[in-house]
Student: 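Mind having a look at this structure? Questions to follow.
Naming: A, B, ... by sequence-line order, numbering from 1 per chain.
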Number of protein chains: 2
Amino acid sequence: MEYTIQSLASLAGVSTRTLRYYDEIGLLPPARINSSGYRIYGQAEVNQLQQILFYRELGVRLDKITELMTAPSFDVGKALEDHREKLIEKRDRLNLLIANVEKSLALTEGRTKMSDKEKFNGFKKKLIEDNEKVYGQEVRGKYGDEAVNQSNAKLLNMSQEDYEKVTKLEQDIRTALAESFLTGDPESELAQKAADLHKQWISYYWPQYSKEAHAGLAQMYVADERFTAYYDKEQVGTAEFLRDAILIYTK
Amino acid sequence: MEYTIQSLASLAGVSTRTLRYYDEIGLLPPARINSSGYRIYGQAEVNQLQQILFYRELGVRLDKITELMTAPSFDVGKALEDHREKLIEKRDRLNLLIANVEKSLALTEGRTKMSDKEKFNGFKKKLIEDNEKVYGQEVRGKYGDEAVNQSNAKLLNMSQEDYEKVTKLEQDIRTALAESFLTGDPESELAQKAADLHKQWISYYWPQYSKEAHAGLAQMYVADERFTAYYDKEQVGTAEFLRDAILIYTK
DNA sequence: TTTGACCTTTACGTAGCGTTAAGGTGTATG
DNA sequence: CATACACCTTAACGCTACGTAAAGGTCAAA
């Protein structure tokens, strides 16, 4: 299949000016020039353009792309794998930004607090600076990075202060629960304190607190074995006890 | 908290040149100038800068940003919601690109075929062209409040029949989730199906279903490591993916 | 008092095109 | 046949969002 400049441009979603410019700088010369001086592109150019657009999407400068693609060691398969990795990183960054915007929304509604540092989560793009390392060199970390990335994402989104509070709340809940469980009375002051702590705790994670949802979660603490196992770890029956305390609390 | 130009720059991950330029074009003048002529930024400027960076991330031109943010009708909450929407669109585009690169990889290995048109999937960005529509206009569809489900409270004790249904639902969710995760797109039909199945599932436990509570639970799926561990057991990132799917589902 | 990390303004440079302008080519239609 | 019209060409200037000096004030610590 052969393409004129416009047909290739509209195929790829770029302007004809862009294609002429890429020709001008030697990044993507057409396969041939016909008798009227028209640029004619072929299959190889289609594939090269795709490569170029991947690099461009990742913020690589055009002269760098030229350098990379004209190198004798250029390996399409390897390049594609690099693209994949970088695109996933970029998506992760976007996920951070989305988490950021969501927390900022909660902030405007007074549902949470946010440190100034948090407000710029996801914006700092070492990504582009790192392009040289990634595309210039061979070595890269393994896929384990992704797991680390994602687990960090949730912590990053929480200020250090918040994180400490949440951790302390978890501890307090466990203590209050263990003690009040001994009384056997979910209406007792201590059991209700545990329920209240629990409310505070979920308030860190939920966009807005409601009694119904809290009660619903309590039901699930018994229905869902994941929870049951967690709460009953020390003492069988604790999950059920907490559920009862919360049901009373939210009544 | 007050910031000098450099402290704000490093906080936000931009250059001091950028901040001076933003001052120069009237996009972000400092809160005040001290006796030595230094720019001093305050809390309001921190928040404005965050807004600016969101717009910039989405490819909005600086003069347009100035125009938007100095308008008397500018509403931070509304802007943030727009950001969220556009960021999600951008992430969707990235997911397309990732799918594209993966298919291209398969192509180089001779495992598949690919039309020239497919090769540019995800590159065409109507995104930026649409910015005016999204940011230029005021009116946005307000998501209509769904009539509250006034059904009776669910009984904790399930019938044998219910139990089987619930067990099957759990299995279905896992399957739908695992499959849709591969697409990487929480808006995909399959991912939304998973979210719907999840709704049915919690409806067995909750006294009444509400979108807010559902969304809240979704948040917790990422925030609470018990859930995260459960969903990420087979595939890291699944909890996050489910959260995104539910957040879209409940929007 | 000197160092060195800050800050200032001014000004020129740049990447990656967008946008005319002035003109040639190809073909379908009156 | 001509003429309209959608294509193509080169040339050249313009633009955005800064990067990068250069030349010089400010300020806390040594």
Side-chain angles (χ1 to χ4, degrees), chain A residues 2-42 45 49 51-69 123-126 128-129 131-132, chain B residues 2-42 45 48-49 51-69 123-125 128-129 131-132:
Chain A
E2 296 205 321
Y3 295 93
T4 61
I5 195 165
Q6 181 145 296
S7 56
L8 178 59
S10 64
L11 176 72
V14 301
S15 70
T16 56
R17 176 69 176 95
T18 297
L19 290 181
R20 288 196 192 93
Y21 182 65
Y22 288 176
D23 179 13
E24 186 185 331
I25 63 172
L27 175 54
L28 185 68
R32 61 189 181 83
I33 309 270
N34 76 5
S35 58
S36 310
Y38 290 15
R39 291 172 179 82
I40 307 294
Y41 298 88
E45 286 72 33
L49 180 54
Q51 281 291 322
I52 291 168
L53 294 187
F54 274 125
Y55 280 118
R56 195 182 66 167
E57 175 73 29
L58 296 167
V60 182
R61 289 212 311 269
L62 297 186
D63 55 356
K64 187 79 188 172
I65 301 179
T66 312
E67 182 191 323
L68 287 167
M69 291 185 61
F123 282 121
K124 307 193 185 188
K125 41 176 97 174
K126 49 182 179 355
I128 290 170
E129 298 163 37
N131 269 334
E132 276 187 58
Chain B
E2 296 204 320
Y3 295 93
T4 61
I5 196 165
Q6 180 146 297
S7 55
L8 179 58
S10 66
L11 175 72
V14 301
S15 71
T16 57
R17 176 69 176 94
T18 297
L19 291 182
R20 287 197 192 93
Y21 182 65
Y22 288 178
D23 180 12
E24 186 184 332
I25 64 172
L27 175 55
L28 187 69
R32 61 189 180 86
I33 308 272
N34 77 5
S35 58
S36 311
Y38 289 17
R39 293 174 178 81
I40 307 293
Y41 298 87
E45 286 70 35
Q48 279 175 47
L49 180 54
Q51 280 291 322
I52 292 167
L53 294 187
F54 273 124
Y55 280 117
R56 195 181 66 168
E57 175 72 28
L58 295 168
V60 181
R61 289 210 312 269
L62 297 187
D63 55 356
K64 187 78 187 171
I65 301 179
T66 312
E67 182 190 323
L68 287 167
M69 292 186 61
F123 282 120
K124 306 193 183 186
K125 44 177 96 174
I128 289 169
E129 297 165 36
N131 268 333
E132 276 188 55

Student: Testing the basics here: between B:Ala31 and B:Gly42, what is the closest heavy-atom pair and its distance to 0.1 Å?
Tutor: CB-N, 3.9 Å
Student: Please round to the nearest 0.5 Å and tell me the distance separating atom CD1 of A:Ile5 and atom CG of A:Leu19.
Tutor: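 CG of A:Leu19 is found 5.0 Å from CD1 of A:Ile5.
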Student: Using a 4.0 Å cut-off to any heavy atom of chain A, which nucleotides of DNA chain D are the first and last in contact, reading 5' to 3'?
Tutor: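 Nucleotide range with atoms under 4.0 Å of chain A: D:dC7 to D:dA12.
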Student: Shortest non-hydrogen contact from B:Ser15 to B:Ala9?
Tutor: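 B:Ser15 and B:Ala9 have their closest heavy atoms at C-CB, 4.0 Å.
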Student: At what distance, to the nearest 0.5 angstrom, does OH of B:Tyr55 lie from CG of B:Leu68?
Tutor: 5.0 Å
Student: Have a look at the helix from C:dT1-D:dA30 to C:dG30-D:dC1 and give the angle its two end axes make, five pairs each, rounded to 10 degrees.
Tutor: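 Inter-axis angle at the ends, rounded: 0°.
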Student: Hey, could you give me the CE/CD distance between A:Met69 and A:Gln51, rounded to the nearest 0.5 Å?
Tutor: 5.5 Å
Student: Please name the pair of heavy atoms, one in A:Arg39 and one in A:Asp23, separated by the smallest distance, quoted to 0.1 Å.
Tutor: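 So the minimum-distance heavy-atom pair works out to NE-OD2, 2.8 Å.
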Student: So what does A:Thr16 hit on the nucleic acid, given a heavy-atom distance under 4.0 Å: a base, only sugar-phosphate, or nothing?
Tutor: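 If one applies the 4.0 Å heavy-atom cut-off, A:Thr16 turns out to touch nothing in the nucleic acid.
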Student: Please work out which residues in residues 3-12 of chain A have a non-hydrogen atom less than 4.0 Å from an atom of DNA chain D and list them by number.
Tutor: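 Per residue number, the list reads A:Thr4, A:Ile5, A:Gln6.
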Student: Under a 4.0 Å heavy-atom cut-off, which of residues 18-32 of chain B touch DNA chain C?
Tutor: B:Arg20
Student: Reading DNA chain C from 5' onward, which residue's closest nucleotide shows up sooner: A:Leu62 or B:Ser36?
Tutor: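 Nearer the 5' end of the strand: B:Ser36.
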Student: Taking any atom closer than 4.0 angstrom to a non-hydrogen atom of chain A, what span of DNA chain C does the protein reach, first nucleotide to last?
Tutor: C:dG16 to C:dG26
Student: Looking at CG of B:Leu27 and NZ of B:Lys64, how far apart are the two atoms once the value is rounded to the nearest 0.5 Å?
Tutor: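 Output value for this atom pair is 14.0 Å.
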Student: Look up atom CD in B:Glu45 and atom CG in B:Leu49, then write down how far apart they are to the nearest 0.5 Å.
Tutor: 9.5 Å
Student: Check whether any side-chain heavy atom of B:Tyr21 sits under 4.5 Å from a side-chain heavy atom of B:Glu24, and report yes or no.
Tutor: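 Yes, their side chains come closer than 4.5 Å.
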Student: Apply side chain to side chain contact (heavy atoms under 4.5 Å, CB included) to B:Asn34 and list each qualifying residue two or more places apart in sequence or on a separate chain.
Tutor: B:Arg32, B:Ser36, B:Tyr38, B:Ile40
Student: With nearest nucleotides of DNA chain D determined for B:Arg61 and B:Asn34 from heavy-atom distances, which residue corresponds to the more 5′ nucleotide?
Tutor: B:Arg61
Student: Using the rule side-chain contact (heavy atoms from CB on, under 4.5 Å), only one of A:Val14, A:Ile52, A:Ile65 pairs with A:Tyr22; which is it?
Tutor: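 Among A:Val14, A:Ile52, A:Ile65, the one meeting side-chain contact (heavy atoms from CB on, under 4.5 Å) with A:Tyr22 is A:Ile52.
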Student: What distance separates A:Tyr41 OH from A:Leu8 CG, expressed to the nearest 0.5 Å?
Tutor: 6.5 Å
